[in-house]
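Only one structure is covered here, and it is reproduced in the block below.
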Protein chains: 2
Amino acid sequence: MPEFSPRQNEVLEQALRLLVEGGEKALTTSGLARAANCSKESLYKWFGDREGLLAAMIAYQASKVRTQERSGERLTAPLLRDHLELFARDLLEVLSGDVSLALNRLAIGQSHREGSKLGKLLLEHGRRQIDRRAMALMDQGKRAGLLRFDNADAAYHTLYGLIVSDLHVRMLIGEPGLKDNARQAQKAVDAFLVLHGTHNQSADAQRASAGR
Amino acid sequence: MPEFSPRQNEVLEQALRLLVEGGEKALTTSGLARAANCSKESLYKWFGDREGLLAAMIAYQASKVRTQERSGERLTAPLLRDHLELFARDLLEVLSGDVSLALNRLAIGQSHREGSKLGKLLLEHGRRQIDRRAMALMDQGKRAGLLRFDNADAAYHTLYGLIVSDLHVRMLIGEPGLKDNARQAQKAVDAFLVLHGTHNQSADAQRASAGR
DNA sequence: TAGGAACGGAACCGTACGGTACGGTACGTG
DNA sequence: CACGTACCGTACCGTACGGTTCCGTTCCTA
């Protein structure tokens with residue numbers, strides 16, 4: 001996995017800024033060289049190619065967002081709910097971030113070309129972390145007898161759909177995000193626990209959390 | 001609402017073909033004129049502008065997909081389930097269609113520019129039909145005592161999330177679609193009925209539909 | 001049959017891109 | 001001091017785009 005020098009990181013930061021502010025067409029080699037006070041020749045020496053630059057931007061951004069693996073404390077039903085809600089809020093926050101949206105738009109715009117290499121990269125670097133966190137939560141919940149499902153992956157996709165619905169695509173198209181991510185996270189987790197929770201932890205917890 | 005002449009429709013058809021096959025950068029005025037055997041001058045006379053052309057493509061594509069409004073027959077629980085599953089399958093089919101994906105990519109690529117006009121157009125023309133169909137189904141189900149929810153819109157978004165999850169974005173990025181849309185539709189509707197159905201129609205219907 | 005609207009084909013213009021090459025400069029090293 | 005390295009700034013090249021203009025042809029109509 002390639003690491004970059006401080007100077008190169010600085011350039012990549014400017015590249016992300018340009019992309020966020022003006023979209024793909026604002027991210028030109030000349031524009032980046034001007035904005036980052038570097039020469040085009042250096043850009044091509046460092047990243048080889050425009051596509052190389054884009055890939056480097058994705059790798060750089062991914063390297064900035066490290067999610068800490070939550071270690072295995074003993075889970076209780078309210079604790080599981082809290083962790084699920086935290087995950088949901090974090091997911092919504094990540095997806096609605098400026099840089100995330102810009103990179104996703106970039107990958108989508110490039111998707112028809114050459115096997116969607118950028119898209120693969122984006123999913124791999126950007127989503128693997130958060131997917132693993134969710135899957136670990138699924139697994140812990142099941143082992144603690146608090147969740148029931150046959151297929152952890154399917155259950156996770158259900159949770160994801162409940163949290164995000166069509167919000168991601170809408171934001172990609174340009175609509176504003178939710179006004180209250182926390183409320184959406186709470187409702188999604190409530191529904192998820194109805195579907196995959198044990199006990200009737202759903203109903204009473206719903207009432208208990210009404211005051212939040 | 002502008003209508004187009006047969007010749008213009010023919011040109012728009014070619015434009016959609018170019019867009020599907022090569023993405024946004026393949027849809028050039030020169031290329032379209034060549035592919036459609038027309039002159040660039042005519043393109044500009046008819047559509048005024050490149051953005052006008054894109055808008056016309058969206059309007060044209062929307063005009064091709066007319067969903068028939070299902071009139072109000074008397075709903076039973078299995079009938080509601082069938083209608084919901086049919087809706088889910090249709091939704092998955094629409095979202096995974098070549099032209100739909102290409103137009104969504106186009107709108108997303110354009111989203112940073114000029115108030116995301118294309119995105120609004122796409123959502124309005126493309127989604128209004130299917131949204132209304134779903135909302136009508138929600139409403140009928142509730143009035144027949146088969147569904148329970150406070151907010152029909154929220155319930156619909158739940159259904160949408162259960163059906164689509166992150167599939168739409170993945171397909172936009174270039175990943176292949178599901179191998180079995182019908183199975184996904186069935187599981188999504190099962191979950192939705194657990195959340196918002198009355199009776200315990202969910203469990204037995206799940207067993208009854210296991211042989212499909 | 002004359003005239004005009006509609007249209008296809010092609011040349012053209014200004015611009016901006018990705019990518020390359022060249023001169024100049026700061027700096028570390030023998 | 002001489003030399004190499006790494007870099008910046010800029011000029012440059014080939015290409016391709018969106019958009020405009022001009023001309024020849026077809027076809028409809030009076």
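Letters A, B, ... mirror the listed sequences (proteins, then strands); counts begin at 1. The analysis underlying the following values was restricted to heavy atoms, covering all of them including side chains, and did not include hydrogens, waters or symmetry mates.
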Consider the side chain of B:Arg7, meaning its heavy atoms from C-beta on, and name the nucleotide among C:dG8, D:dG19, C:dG19 that approaches it most closely. C:dG8
Salt bridge between B:Arg17 and B:Glu21, side-chain N to carboxylate O under 4.0 Å? yes
Side chain A:His112, main chain A:Gly109, donor-acceptor under 3.5 Å: yes
Residues B:Glu24 and B:Arg50 bridged, charged N to O under 4.0 Å: yes
Using atom CG of A:Leu18 as one end and atom P of C:dG18 as the other, report the distance to the nearest whole Å. 12 Å
Find the distance A:Leu53:CG to C:dC17:C1' and express it as a whole number of Å. 14 Å
Identify, residue by residue, the members of residues 28-46 of chain A with a heavy atom below 4.0 Å from DNA chain C, and return them in order of residue number, or none. A:Thr28, A:Thr29, A:Lys40, A:Glu41, A:Tyr44
Backbone N or O of B:His157 within a donor-acceptor pair of the A:Ser165 side chain at under 3.5 Å? yes
I'd like to know if A:Lys64 pairs up with A:Glu13 as an ion pair, taking the criterion as any Lys NZ or Arg NE/NH1/NH2 lying under 4.0 Å from an Asp or Glu carboxylate oxygen. yes
In whole angstrom, what separates B:Lys25's NZ from C:dA16's C1'? 16 Å
Separation of C:dG18 C1' from A:Leu27 CG (nearest whole Å): 12 Å
Exam field: side chain B:Ser42 to backbone B:Cys38, donor-acceptor pair closer than 3.5 Å: no
